[in-house]
Amino acid sequence: QQPVQSPQAVILREGEDAVINCSSSKALYSVHWYRQKHGEAPVFLMILLKGGEQKGHDKISASFNEKKQQSSLYLTASQLSYSGTYFCGTVPLEYGNKLVFGAGTILRVKS
Amino acid sequence: DSGVTQTPKHLITATGQRVTLRCSPRSGDLSVYWYQQSLDQGLQFLIQYYNGEERAKGNILERFSAQQFPDLHSELNLSSLELGDSALYFCASSVGGQGQTEAFFGQGTRLTVV
C-alpha cells in the first residue's frame, strides 16, 4: 500500500525547478505532501483531494491525476530552505483512515 | 510549533523493558496517528485513532499497543523492547479522520534501546 516516490534524491542549484512524483496502486481519496528537515518533524505542505480540491503554499504547487493514482509536487525557483526530505502520503478510498507515506525524496539545494 | 505535544522527547531504556509514549493532539483535533521512523528511513504507519476509537492499523507489532483517551490524548505502549525498536516515534493529529484534512506532527520521541 506504500506509495512509490521518484526520484530518490535530487540536487539543485538555487533558482532551479524540481518535480517529485508519487504513485499508488490503489484508488486514492487524497494525497498529502510533507517536508522533513533532518532531526525535525515533518511539516505539512499540500493536500490534494479526490475531486480536484487543492490547498498549499504559493511557491509550491501540486497536481493529482485521479485516474492514474499519481501526484506530482512542483518546486519552482528553489531556495536553500527547500532542502530536506519530501514525503508523499496517500489515503486510499478503500481504507479512508490510513495515511501511508512513501519512502521519501531527498532534495538538496546548493548555492 | 504544530500544537501537537509529545512526551518524553528522549527515552533510553534496556532491552526487555516497557515504555509509554504520550501524545496530546492540537486543540479540536479528533484524530491521532502514530508513526515509527528508524534512522534515515521513511515514516512507517502504526495505528490511527479517531475520537477514542481505533480506525486503522498498519504493521504494528503485537508487542506494541495504543489507545486514545476521552480527553483525546493518546498513548503508545511498547513492551519487551528490542534493539531494533530504537527509532523516532511521531504522533500526528488532524481534525478529520478520513484523510480529508492535513495532519500536524509533534516533535517526536526518540527511543533508544540499549
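Computation of the quantities below employed the complete heavy-atom set of this structure, encompassing side-chain atoms and omitting hydrogens, waters and symmetry-equivalent molecules. Here the structure is a predicted model, which is why all the values come from computation and not from measurement. First the proteins, then the strands, lettered A, B, ... as listed; each starts at 1.
- When the candidates A:Gly39, A:Gly102, A:Ser30, A:Ala41 are compared by the number of heavy-atom contacts under 4.5 Å with chain B, A:Ala41 comes out ahead.
- Per-residue counts of heavy-atom pairs under 4.5 Å with chain A were compared for B:Arg110, B:Gln107, B:Arg55; the largest is that of B:Arg55.
- When hydrophobic clusters are built by joining Ile, Leu, Val, Met, Phe, Trp and Tyr residues whose side-chain heavy atoms come closer than 4.5 Å, directly or via intermediates, B:Tyr49 is grouped together with B:Leu76.
- Across B:Thr101 and A:His32, no two heavy atoms sit closer than the pair O-CE1, 3.5 Å.
- Heavy-atom neighbours of B:Asp71 CG from other residues, nucleotides or ligands within 6.0 Å: above the threshold of 12.
- By the 30° and 60° cut-offs, the orientation of the rings of B:Phe104 relative to A:Phe44 is tilted.
- Looking at B:Ala92, neither its backbone nor its side chain comes within 4.5 Å of chain A, counting heavy atoms on both sides.
- A:Tyr34 places a side-chain N or O within donor-acceptor distance of the main-chain N or O of B:Ala103, the cut-off being under 3.5 Å.
- Contact detail for B:Ala56 and A:Lys98: the closest heavy-atom pair is CB-CG, 3.5 Å.
- Across every non-hydrogen atom of A:Leu99 and B:Tyr35, the tightest pair is O-OH, 2.6 Å.
- Cluster membership for B:Leu78 and B:Leu11, using ILVMFWY side-chain heavy atoms within less than 4.5 angstrom, is shared.
- Of the N and O atoms on the side chains of B:Gln37 and A:Gln36, at least one donor lies less than 3.5 Å from an acceptor on the other residue.
- A 6.0 Å sphere centred on CD1 of B:Ile12 holds no more than 12 heavy atoms belonging to other residues, nucleotides or ligands.
- Contact tally against chain A (heavy-atom pairs below 4.5 Å) for B:Phe90, B:Phe45, B:Phe105: the top residue is B:Phe105.
- Following chains of ILVMFWY side-chain contacts shorter than 4.5 Å, one can reach B:Leu88 starting from B:Tyr33, so the two form part of one hydrophobic cluster.
- Heavy atoms of other residues, nucleotides or ligands lying less than 6.0 angstrom from NZ of B:Lys57 number 12 at most.
- Remark: B:Arg63 CZ is packed, more than 12 non-hydrogen atoms of other residues, nucleotides or ligands lying under 6.0 Å away.
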